[in-house]
Colleague: 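Handing you a structure now.
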There are 2 protein chains.
Amino acid sequence: MKLTIREIASLAGVSTTTVSHILNDKGQRFSEEIREKVLKIVEEHNYSPNYFASNIIKNKSRLIGVIVPDITEVFASTLINLIRKPLNEEGYNLMTCESSSSLEEELALLERYRQLSAEAILMFTSSKLSEKITNNRYHGIPVVFIDAGINDNYYGKIFFNEYDTAVRAINWLIKKGHSHIGLITANDKQHAFPERADAYYDALAANGLSLNKQYVVKTEFTIEKGYEGTQKLLQQEKLTAIFCCDDNLALGCYQAIYDAGKVVNQDIDIIGFDGVEILKHIRPKVKTLHLPFGDFGDLIATKIITAIAEPLKKQPDTYFNMIFNEGEE
Amino acid sequence: MKLTIREIASLAGVSTTTVSHILNDKGQRFSEEIREKVLKIVEEHNYSPNYFASNIIKNKSRLIGVIVPDITEVFASTLINLIRKPLNEEGYNLMTCESSSSLEEELALLERYRQLSAEAILMFTSSKLSEKITNNRYHGIPVVFIDAGINDNYYGKIFFNEYDTAVRAINWLIKKGHSHIGLITANDKQHAFPERADAYYDALAANGLSLNKQYVVKTEFTIEKGYEGTQKLLQQEKLTAIFCCDDNLALGCYQAIYDAGKVVNQDIDIIGFDGVEILKHIRPKVKTLHLPFGDFGDLIATKIITAIAEPLKKQPDTYFNMIFNEGEE
DNA sequence: CTGAAAGCGCTTACAG
DNA sequence: CTGAAAGCGCTTACAG
């Protein structure tokens, strides 16, 4: 059904060598006339070289594998969205598969991508994989992690300078008059964002507010846990604001406040963390620290391209500032 | 770096033929002893056949290409999520690319998937592509559309019996005491869901309510347009409920009501359409008709598998009921 | 400048 | 039962 290079060559009255050279922009061995003739025939018959045949020789798949716990996860899909364009422009295709956060599935997907000869893998994970992937290479394939610092990172860590911005956010709450502020943070098994909680502790101290242990909930970063954590915090009658170390928590917090018959941003102020899309859609809007998603995406795309070109090259760490807008958003 | 079948063969002291047969479960020409020996060596060296070399012969890529306007779109990512597992189990890999709803990009992606020898393509689109893709085959590759009936469908249309459930929803509003109900529906260029609007018209008539043209807004199915449409409707002072023919509209509607200082489900009742995730997260919760996503996903997966096995086989139309829960959700 | 031919890593019809 | 060899559709070093 599909034409082969041989047929195109015979149609054009040249050798397969010439057709291949023209298609791959190799050298100037053919006249412009021939070039155009061949290209015209290719066009007419809608010919495209067999992807597998050329890859077996070029040993390049142009494929970048993405592993993500769940494709409906906003943080990940936002980032995938951002890196796709620059990578497409470099001639790479993204392929996304889901791991359901299962280590077994993650390993199976790595293996599948290896079989597909992926040139790089972008891995969203909360598993410790450094043992399987030393120096960020899985059987030679560069693996770029998005994992909040869980794995060693040969290709450079990314820091968001969360602390300073988070301090600013807490200070904003305090200036607004809040003195009983709750915190929902990680139980430290899944995630490790100590700066976020530290900002809370330090900002309270710097403003002469004492730390109330009843105001602190440690849990996992899900909407449900945010909901439950907030229910607990709401038992503290004086509490008037909650700082959530993640937007999923913030969303659950928002729901719990509403369901408890209170009004968000009126009875209880919320501040979230990451700046995912959904927080813009809910009402009242929930304030959040924003990741600089655009720059973050560009960096990841560049990291991947660099890692493909030079898998053995260490890449530097990068620092970004988080964004927090004190005024109305 | 990567081992070849020849090296495995020589390591095992057998021919490449035998190794290939063992790896591909072809025949019983080898002893169990040899089989185990080869498998052990394969295991030890973590050998996997070169994907491209085998595909060039088998002419099977095991790849299913997905084209989606935007990966962050909840409807699409929900569905992709649902079909991935059954398709993986059949040995297929999903590859997802974004079209930004641009016809040009859609065609480019179809072409790219053709070059990748995708075995089937799942296309989320609002473009009329029947001209390029007659009988749902693009250069022989089966294309399954998710497109609300825009394109011809050789592989069977999917109907959601939206009408009956939508009538029930409107009746529910009327029974609740609403007699001034707004409608936000499509401007008919992008989408064609006439049953949704008809249900509104008919239910009003059946309950002896006259149709007020001021209560009807025709627009596109986006959050922004839902917002603007609602602003228009809110100028109608007697209006106390709005039926949105899409969940994006419902979300924009929800926002506009809040921003106008009114209370959702108290001053103005909303009913949406599709049952996407986000409506469960907002507060107050917005009632919506639900697609039977689970069954829908299973059907699409089956359609794809069937289309790959028998590309020339017409597939039957399918009818689903929408879900509308009158009580609390 | 041009094309015949070798070779990429597999699979499989075929000969022994 | 087993393996040498042809062949999949390309690319490219090489010979003319």
Side-chain angles (χ1 to χ4, degrees), chain A residues 1-39 41-42 45-63 91 114-119 139-140, chain B residues 1-39 41-42 45-63 91 112 114-119 139-141:
Chain A
M1 156 138 250
K2 248 183 114 179
L3 290 181
T4 70
I5 196 172
R6 203 187 326 253
E7 297 168 280
I8 298 293
S10 84
L11 248 31
V14 297
S15 71
T16 59
T17 310
T18 302
V19 175
S20 178
H21 276 239
I22 291 173
L23 257 26
N24 292 293
D25 277 326
K26 295 264 158 120
Q28 239 46 51
R29 46 185 296 171
F30 35 77
S31 66
E32 184 57 28
E33 196 180 346
I34 296 234
R35 203 183 101 90
E36 275 169 19
K37 186 176 174 190
V38 169
L39 254 24
I41 291 176
V42 165
H45 294 78
N46 218 309
Y47 167 78
S48 68
N50 180 300
Y51 178 73
F52 302 104
S54 29
N55 277 311
I56 201 179
I57 295 163
K58 292 180 177 169
N59 208 9
K60 281 193 178 184
S61 62
R62 308 258 81 182
L63 186 71
R114 184 170 81 101
Q115 284 183 27
L116 290 174
S117 299
E119 294 191 41
H139 292 282
Chain B
M1 156 139 249
K2 248 183 115 181
L3 289 180
T4 71
I5 196 172
R6 203 187 324 254
E7 296 168 280
I8 297 295
S10 84
L11 247 32
V14 298
S15 69
T16 60
T17 310
T18 301
V19 175
S20 178
H21 277 240
I22 291 173
L23 256 27
N24 292 294
D25 275 327
K26 295 264 158 120
Q28 239 45 51
R29 48 185 297 174
F30 35 79
S31 65
E32 184 57 26
E33 196 182 348
I34 296 234
R35 201 183 102 89
E36 273 169 20
K37 186 175 176 190
V38 168
L39 254 23
I41 291 176
V42 165
H45 293 79
N46 218 309
Y47 166 78
S48 68
N50 180 300
Y51 178 73
F52 302 105
S54 31
N55 277 311
I56 201 179
I57 295 164
K58 292 182 179 168
N59 207 10
K60 282 195 179 183
S61 62
R62 306 260 82 181
L63 187 71
R112 178 180 289 165
R114 185 170 80 100
Q115 286 182 25
L116 290 174
S117 299
E119 294 191 42
H139 294 280
I141 305 169

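Throughout, protein chains are lettered first and strands after them, A, B, ... in sequence-line order, and every chain is numbered starting at 1. Note that the structure is predicted; figures quoted are calculated from it, not measured.
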Colleague: Quick one: A:Leu23 CG to D:dT11 P, roughly how many Å, whole number?
Modeller: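 After rounding, the reported distance stands at 7 Å.
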Colleague: Under the salt bridge (charged side-chain N to carboxylate O under 4.0 Å, His left out) rule, collect the residues that match up with A:Arg114, sequence neighbours excluded.
Modeller: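 A:Arg114 satisfies salt bridge (charged side-chain N to carboxylate O under 4.0 Å, His left out) with A:Glu111 only.
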Colleague: Roughly how far, to the nearest 0.5 Å, is CD1 of B:Ile56 from CG of A:Asn50?
Modeller: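 Here the interatomic distance stands at 5.0 Å.
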Colleague: Side chain of A:Ile56 only, heavy atoms from C-beta on: which candidate in C:dG9, C:dT11, D:dC10 is closest?
Modeller: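 Of all the options, the side chain of A:Ile56 is nearest to C:dG9.
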Colleague: Mind checking the CD1-OH spacing from B:Ile5 to B:Tyr47? Nearest 0.5 Å is all I need.
Modeller: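 That separation rounds to 4.5 Å.
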Colleague: List in chain and number order the residues that pass side-chain hydrogen bond (donor to acceptor under 3.5 Å, both in side chains) with A:Gln115, two or more places apart in sequence or in another chain; answer none if no residue qualifies.
Modeller: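 Counting only residues at least two positions away or on another chain, A:Gln115 forms no side-chain hydrogen bond (donor to acceptor under 3.5 Å, both in side chains).
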Colleague: Pairs counted only when both distances fall under 3.5 Å, Watson-Crick or G-U: show me the 5' to 3' dot-bracket for DNA chain D, [ ] for pseudoknotted crossings and | for other-strand partners.
Modeller: |||.||||||||.|||
Colleague: When rounded to the nearest Å, what value does the distance between C1' atoms of C:dG9 and D:dC14 take?
Modeller: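 Each nucleotide's C1' atom is 22 Å from the other's.
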Colleague: Given atom CD1 of B:Ile34 and atom P of D:dC1, what is their separation to the nearest angstrom?
Modeller: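 It is 12 Å, rounded to the nearest whole Å.
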Colleague: In chain order, what residues pass the side-chain contact (heavy atoms from CB on, under 4.5 Å) check against B:Ser61, with sequence neighbours excluded?
Modeller: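 For B:Ser61, the residues satisfying side-chain contact (heavy atoms from CB on, under 4.5 Å) (neighbours in sequence not counted) are A:Phe52, B:Tyr51, B:Leu63, B:Ser117, B:Glu119.
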Colleague: Holding to side-chain hydrogen bond (donor to acceptor under 3.5 Å, both in side chains), I want the full list of residues that pass it with A:Thr17, two or more places apart in sequence or in another chain.
Modeller: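 So A:Thr17 forms no side-chain hydrogen bond (donor to acceptor under 3.5 Å, both in side chains) with any residue.
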Colleague: What are the two closest heavy atoms between B:Arg6 and B:Thr16, and how far apart are they?
Modeller: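 Heavy atoms of B:Arg6 and B:Thr16 come nearest at CA-CG2, 3.7 Å.
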Colleague: In whole angstrom, what separates A:Glu7's CD from D:dC10's C1'?
Modeller: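 Value for this atom pair: 13 Å.
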Colleague: Expressed in angstrom and rounded to an integer, what is the separation of B:Leu116 atom CG from D:dG9 atom P?
Modeller: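 Interatomic distance, CG of B:Leu116 to P of D:dG9: 18 Å.
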Colleague: Starting at atom CD1 of B:Ile22, determine the distance to atom P of C:dT11, rounded to an integer number of angstrom.
Modeller: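 Whole-Å distance recorded here is 12 Å.
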Colleague: Once you round to the nearest 0.5 Å, how far does NE2 of B:His21 lie from OG1 of B:Thr18?
Modeller: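 Result: 7.5 Å between the selected atoms.
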Colleague: So which of residues 45-53 of chain A are in contact with DNA chain D, with a heavy-atom cut-off of under 4.0 Å?
Modeller: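 Contacting residues: A:Tyr47, A:Pro49, A:Asn50, A:Ala53.
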Colleague: Please list, chain by chain and in numerical order, all residues satisfying side-chain hydrogen bond (donor to acceptor under 3.5 Å, both in side chains) with A:Ser20, sequence neighbours excluded.
Modeller: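 Counting only residues at least two positions away or on another chain, A:Ser20 forms a side-chain hydrogen bond (donor to acceptor under 3.5 Å, both in side chains) with A:Asn24.
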Colleague: Given atom NZ of A:Lys37 and atom P of C:dT2, what is their separation to the nearest angstrom?
Modeller: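 From A:Lys37 NZ to C:dT2 P: 12 Å.
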Colleague: In whole angstrom, what separates A:Arg35's CZ from C:dC1's P?
Modeller: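 After rounding, the reported distance stands at 16 Å.
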Colleague: Between D:dG9 and A:Thr4, is there an OP1 or OP2 to side-chain N/O distance shorter than 4.0 Å?
Modeller: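 No, because none of the side-chain N or O atoms of A:Thr4 sits under 4.0 Å from OP1 or OP2 of D:dG9.
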Colleague: Using atom types as modelled, flag every donor-acceptor pair under 3.5 Å from a side chain in residues 32-39 of chain A to any protein atom, sequence neighbours excluded.
Modeller:
residue : atom : partner : partner atom : Å
A:Lys37 : NZ   : A:Ala12 : O            : 3.4

Colleague: Sequence neighbours excluded, which residues qualify as side-chain contact (heavy atoms from CB on, under 4.5 Å) partners of B:Ser10?
Modeller: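 Partners of B:Ser10 by the side-chain contact (heavy atoms from CB on, under 4.5 Å) criterion come out as none, since no residue qualifies.
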Colleague: Distances under 3.5 Å between protein N/O atoms and the N/O atoms of nucleotides 12-16 of chain D, please, pair by pair.
Modeller:
residue : atom : partner : partner atom : Å
D:dT12  : OP1  : A:Lys26 : NZ           : 3.4
D:dT12  : OP2  : A:Lys26 : NZ           : 2.7
D:dT12  : O4   : A:Thr17 : OG1          : 3.2

Colleague: Rounded to the nearest Å, what distance is computed from the CD1 atom of residue A:Ile5 to the C1' atom of nucleotide C:dA4?
Modeller: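 Going from CD1 in A:Ile5 over to C1' in C:dA4 covers 14 Å.
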